[in-house]
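Report on the following structure.
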Amino acid sequence: MIDIRLVRDQPDLVKEALGRRGIPSQEVDALAALDADHRSALARQEALRARVKALSRQVGEARKQKEDAAASALAKESRRVGVEERTAAEESDRLANELRARLLVTPNLPADDAPDGGGPEDNVVGRRWWPGIDAGAPEPEPAEHQRVPHWDVGAELGILDMPRGARMSGSMFPLFRGPGARLLRALTALALDRHATAWEEIRPPTMVLTETITSTGHLPKFADEAYHVERDDLWLIPTAEVPLASVHRGEVLDEAALPVQLTAVTGCFRREAGAAGRDTRGLLRVHEFDKVELFAFATPVQSAAVHADMLARAESLLQTLELPYRVLDLCTGDLGAWAKRTFDLEVYAPGSDRWLEVSSVSWVGDYQARRANIRYRPADGGGNQLVHTLNGSALAWPRIWAALVEWGRQSDGSVRLPEALAPWFGPSPAIGPRVV
RNA sequence: GGAGGGAUGGCAGAGCGGACGAAUGCGCGGCUCUUGAAAAGCCGUGGGACUCCGGUCCCCGUGGGUUCGAAUCCCACUCCCUCCGCCA
């Protein structure tokens with residue numbers, strides 16, 4: 001949630017910031033009006049409540065003095081005011097709920113330095129990287145044998161079995177087998193081992209309460225995107241960001257403990273409602289996938305450095321895996337609802353012939369912390385402050401799998417893997433045709 | 001799934017219808033004494049909303065109810081503990 005006080009005190013600033021995301025200024029006016037109504041209703045209710053409390057105290061005193069007639073007169077008056085108070089409370093509750101519902105679907109204010117734009121076409125392409133770039137090597141040009149999409153390579157080598165995945169779970173549920181499954185396991189182990197020296201490794205639940213998935217911003221706005229187990233009212237997480245944000249939900253952290261940096265691998269579940277027919281082949285878009293996530297709670301001052309570290313970690317994994325990539329600075333029109341600034345990493349996949357988003361690294365500011373009530377005690381005293389949260393993927397594996405298989409394909413049809421995977425695939429790591 | 005017990009401030013723990021936002025201890029901060037430290041003593045120490053900056057209100061797991069008045073009584077739910085059952 002954004003800070004309602006900011007809407008109150010500096011509505012023009014909020015209008016300008018949300019306007020960059022295409023939110024009309026009337027939305028901000030509506031919030032401000034609701035807030036004003038709510039506060040005056042609350043003041044009315046509290047004045048009545050104070051009156052009831054004062055009268056009740058007098059009833060007690062009168063009883064003690066054995067002034068029964070006075071006591072019952074006071075009690076009668078208090079009862080009358082109590083009825084009024086209840087009405088006033090209903091009105092103020094109604095307004096509070098309405099205001100909260102609106103705030104829950106209001107997106108975050110973008111960072112000042114996030115580029116302006118209306119949609120994905122306006123994202124700013126930043127630096128690019130490919131193997132050997134530091135030594136002056138030219139950007140790699142895919143050979144003919146690398147122009148085979150991973151779903152064909154996977155089927156050829158028997159390492160990706162989409163039809164059988166569909167048999168048990170429906171379309172867009174991949175089934176990896178043999179070295180294909182091992183490749184996923186290797187990627188997860190590689191990433192976690194690298195992060196876990198500085199970031200605490202967590203293995204959270206993958207089903208969470210409504211409150212947990214609401215505090216990140218995924219509910220109520222994106223309810224259609226998540227799988228809901230209605231019988232138990234639990235949600236399958238779309239990303240580890242959801243449970244990790246709740247690790248400290250409702251807590252007041254010591255500033256000395258910040259930044260808290262967590263990493264986790266989880267399954268991620270997405271209904272992909274409304275994405276029918278778009279990039280649905282192979283692993284481009286699937287309902288269930290594994291992802292290693294980085295998540296941090298930081299002070300506002302620390303957050304820029306943490307954001308940079310996250311991005312560096314994701315990039316360093318791509319470099320280790322020798323995959324050409326580019327960094328995108330998301331424009332205001334493409335920014336996720338709760339992000340202030342986001343960098344996406346895209347890997348080029350020569351067989352599918354497209355750039356695949358494999359990481360998204362976001363600075364969220366206090367937007368989630370306000371929903372989840374996560375604060376810190378400043379070391380130099382003063383009142384508790386909301387923390388900043390940050391999240392980033394490092395990395396999402398199916399698309400990495402696809403890019404590795406496409407780039408690695410040799411003219412004989414086998415797949416060469418990067419040297420970093422030697423611990424799982426032996427020296428000169430590769431996946432050949434199945435012998436048996 | 002069944003039976004019982006419990007949930008109060010950073011922690012432990014008292015209070016069980018009337019000035020209770022809440023005893024006490026620990027912890028933490030400040031001061032006195034001391035060359036310094038320890039010990040001792042004294043003082044202070046939860047969060048939040050609104051504010052005409054005088055204050056007002058809310059929070060004792062959560063949500064309802066009873067009452068002039070609820071941490072305290074009643075109901076429902078959640079979580080924790082103990083025992084029984086089932087189980088990877």
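The sequence lines fix the lettering, A, B, ..., with proteins before strands; numbering per chain opens at 1.
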Quiz item: Which part of the nucleic acid does A/Arg63 contact within heavy-atom distance under 4.0 Å: base, sugar-phosphate only, or nothing?
Solution: base
Quiz item: Using a cut-off of 4.0 Å on non-hydrogen atoms, how would the nucleic acid contact of A/Arg44 be classed: base, sugar-phosphate, or nothing?
Solution: nothing
Quiz item: Are there more than 12 heavy atoms of other residues, nucleotides or ligands under 6.0 Å from atom CD of A/Glu419?
Solution: yes
Give me the distances for all protein-to-nucleotides 57-65 of chain B N/O pairs that come in under 3.5 Å?
{"from": "B/C57", "atom 1": "O2'", "to": "A/Glu46", "atom 2": "OE2", "distance (Å)": "3.1"}
{"from": "B/C58", "atom 1": "OP1", "to": "A/Arg49", "atom 2": "NE", "distance (Å)": "2.6"}
{"from": "B/C58", "atom 1": "OP2", "to": "A/Lys53", "atom 2": "NZ", "distance (Å)": "2.9"}

Quiz item: Sub-3.5 Å donor-acceptor pair from the side chain of A/Asp329 to the main-chain atoms of A/Pro115, do we have one?
Solution: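 Here the side-chain-to-backbone pair does not exist.
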Quiz item: So, does A/His195 use its side chain to make a donor-acceptor pair with the main chain of A/Ala394 at under 3.5 Å?
Solution: yes
Exercise. Using the closest heavy atom to pick a nucleotide of RNA chain B for each, name whichever of A/Lys64 or A/Val59 lands nearer the 5' end.
Key: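 So the residue in question is A/Lys64.
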Quiz prompt | Most 5' of A/Gln58 and A/Gly82 on RNA chain B, judged by nearest nucleotide | solution =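 Nearer the 5' end of the strand: A/Gln58.
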Quiz item: Looking at A/Phe289, A/Trp407, A/Phe176, which one forms a ring-ring contact (aromatic ring centres under 6.0 Å, His included) with A/Trp401?
Solution: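 Of all the options given, the one that passes is A/Phe176.
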Self-check item: With A/His218, the ring-ring contact (aromatic ring centres under 6.0 Å, His included) member among A/Trp235, A/Tyr227, A/Trp338, A/Phe269
Solution: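 Per the ring-ring contact (aromatic ring centres under 6.0 Å, His included) rule, the option paired with A/His218 is A/Trp338, out of A/Trp235, A/Tyr227, A/Trp338, A/Phe269.
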[atom1] spacing across the pair [N] / [M], given as an integer number of angstrom:
N: B/C57; M: B/C53; atom1: C1'; answer: 16 Å
N: B/C81; M: B/A40; atom1: C1'; answer: 41 Å
N: B/U8; M: B/A12; atom1: P; answer: 7 Å

Quiz item: Does B/G54 sit syn or anti, given that only angles within 90° of 0 count as syn?
Solution: syn
Quiz item: Taking the side chain as C-beta and beyond, is there a heavy-atom pair between A/Gln261 and A/Glu200 under 4.5 Å?
Solution: no
Self-check item: Candidate nucleotides B/G47, B/C50, B/C68, ranked by approach to the side chain of A/Arg5 - the nearest
Solution: B/C50
